[in-house]
**Student:** 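Okay, here's the structure, questions in a sec.
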Amino acid sequence: MSLLLQALRRPGTVRDLSLSAWDRLLREVHAHRLGGRLSCLLERHGVEADCPALVGHDLDAQRCFARYKQSQVRLELRKLNKALAPVGVPMLLLKGAAYALADLEVARGRDFADVDIMVPRTQLETAETALERGGWLSETRDRYDQRYYRRWMHELPPLHHRTRLLEVDVHHALLPLTGRVRPDPELLWAASRPLPDSPYRVLCPEDMLLHSAAQLFQDGEIAGDLSGLLDLHQLMQELGDEAGFWDRLLPRAEQLELGRPLYYALRYCRRLLDTPVPNEVMRAAEAFAPGQLNGRLMDLLVPRVLEPRYPTRRPAHISAWLLYLRSHWLRMPPGLLALHLLRKGLRRGSH
Amino acid sequence: MLTYRVGPFSVRLRTPLHDLIQLVRWCYGTNVDAEPRDLALFNVAVEKGSLSRRLFAPQAVFRTDSETPFQPFPRDHAFALLEWGLNWCIATRAHQYLMLHSAALERDGHALILPAIPGSGKSTLAAALALSGWRLLSDEFGLLDWKTGLLQPVPRAIPLKNDSIEIIRRFSPQADLGPVFPRTRKGDVAHLRPDKQALSRDMETVRPAWIVFPRYRAGSSVRLTPLPRHLAFVRLSQNAFNYRLIGVAGFAAVEHVVDTCSCWSAEYGGLDSILSALDRLPSPAP
Amino acid sequence: MEHTTDSASHTNRDGDHWRAVSPATFRWANWDAESLLFHGETGETHILNALPTLILLALSKGEMTTAEILALCLDAGAPSPQFSDKIHTSLQTLSEIELVELAASP
């Protein structure tokens, strides 16, 4: 088993690592961009002092990506709400944005590339018009691509505001319309909950987990997405504490037609990360298991592709950061740097 | 394989290029093989590049564990490539510091920060100061530990470009310059090696005392003008690579350093005059 | 700074209730008449002069109506009647950069 998987599974075991094992762990962590999350986990388990100083400083430093990104997400959400609330479009937060704003454990040290929100399908056009008017641009200009998204996808083509870098994905369903499985968005909306002291809603705990499972095992490529598996692991740990969560989970999965991805999530979280899934839930979930051959194949493949290795693709925001650095190094005139430190509007407005 | 220390960072270098290893040993002297080999922060390689290309023009490629951030360099420029690559590693990882794009030097236990702006002549100035009794803390990165407010040395070779090479040769016969790499993407480059003191004291942190924003203007006489603190704040935060990324820590660090240092903008036309002006900067009250 | 459609920009009535956005995440540095403000909620740094600083400091302590803010500024020594325009503009700009927001009227 890889050292990273071992460290995520039982953070306490890092106490016994040799220097050369730390060396290897550090490389695996960076290849998966999990430094911030591992740092938070080690702290939570009271073992951060057991890291060699060099490793402790390095992991700690990676947490700032998460904090920075989360403040950008909060800003983007406020702007989205200002555009959507006046036209009566409610916002349901998905994935990282939901974890961060709901202040879940899984958000700690977690870095994310974009903001995902869901709006009711019936109000999709209203939302699109309002966002366009508010200064969000579609990254896809191509007519064919636009048509493709509208016809087949569960979200609008990615948007970003013309003055900001963060990508916004506006969903109207959880999974692509092309897929065999299409959970009914009405059901998700009906069960969603308002987020206290905010204008946003989030999925109910079961749906939150099911969405995360669907993303990794239905929609995603699985390969290399250890961070996706860690999401599931941490969500199960935290949401599982809520009374009745495990009892409601399986019937809900059936209702949303997400039994299969849930089965995989439970199975591989337990297998790779030792997630505390109650035995009776695991047994009942067997009803969603694939056929024998398929199951064996998945058992063979999933652990292999999720095992830490060096990914070839980096998250979009890291690329943006590196691009920013590159531009800094190419000695751009300071005025062109994307620092936005001085808000000219404010000065103008206040004289 | 070679392990060496660059200030607080440890580097493990794998390369088949013997000339490169020699240059690293020449430059980092006693800090080579000073660290345990088992654990290193930056695991890097400088390789020979693809065979097909090699036949026409020998190349060098810089790699970290999982990425190749730059286009290949001509083989002869491998050392410049390695230095540039380590800058990259530091800038993408070392967020335990507010990373100023500044030179930093020490005198009598106080640090001088010289932020780089285009046309500041920062490297030439840092080289001249390092050859005039100041201890070199860094040329490219002013590493401000935001937990303590102290500057962490990271002594590196100072890359001198074009005319600066001759200026520094003339400035001091002791200047220990490496080979000139002609026609790199920044013109001719030669590296001034950090002296023994800079290398051996690279873990002694220093409290910043002065921030001077230099601007070179040919023929100008030296003039130091006090800089209002709010402007120093804005300029210094814009000068940092990771100001926004580290959030409130960056704000607090810049506030503190601007508040406790004397802040100046300086215009100068010749090395001697700016050097003596910097020497005369009043020491902070103990 | 770009102007975008903003619900706050259309309605500037004296009875509007304003509040600061997450004032617990404000961090100030003050030198002379210029203030620098770090806003943890959005991760942005702002440079502010006297008027918006005064408004923000007041709103950090609790909600206020536009009329109350105006009274406060006049109290602090602000001159002239057309000053109320400046306050409206300031509030609007502060709202655009997410430092203040309209609160639901009690």
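For the numbers below, each heavy atom of this structure counts, side chains included, while hydrogens, waters and symmetry mates do not. Reminder, nothing fancy here: chain letters follow the sequence lines and each chain counts from 1. The shown structure was predicted, so the numbers you read here are calculated from the model rather than taken from an experiment.
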**Student:** Looking at side-chain heavy atoms only, is the closest gap between A:His30 and B:Glu67 below 4.5 Å?
**Tutor:** no
**Student:** Can you say whether B:Arg12 sits under 4.5 Å from chain A via the side chain, the backbone, both, or neither, judging by heavy atoms?
**Tutor:** side chain
**Student:** Could you grab the distance from atom CG of A:Asp58 to atom CZ of B:Phe42, nearest 0.5 Å is fine?
**Tutor:** 7.0 Å
**Student:** Can you tell me how far apart NE2 (A:His57) and CZ (B:Phe9) are? Round to the nearest 0.5 Å.
**Tutor:** 11.0 Å
**Student:** With a 4.5 Å cut-off on side-chain heavy atoms, are B:Asn43 and A:Arg27 touching?
**Tutor:** yes
**Student:** Work out which heavy atom in B:Asp38 is nearest to a heavy atom in A:Asp23; give both atom names and the distance.
**Tutor:** O-CB, 3.2 Å
**Student:** How close do B:Thr92 and A:Gln62 get, counting heavy atoms only, and between which atoms?
**Tutor:** O-OE1, 4.4 Å
**Student:** Kindly indicate whether the side chain of B:Leu245, heavy atoms from C-beta on, has any atom under 4.5 Å from the side chain of A:Phe65.
**Tutor:** yes
**Student:** I'd like to know whether CG of B:Asp259 has more than 12 heavy-atom contacts from other residues, nucleotides or ligands below 6.0 angstrom.
**Tutor:** yes
**Student:** Should we count NE2 of A:His160 as having more than 12 external heavy atoms under 6.0 Å?
**Tutor:** yes
**Student:** Can you name the closest pair of heavy atoms from B:Ala40 and A:Leu26 and give their distance?
**Tutor:** O-CD2, 4.2 Å
**Student:** Which pair of heavy atoms, one from B:His95 and one from A:Cys64, lies closest together, and at what distance?
**Tutor:** CB-SG, 3.4 Å
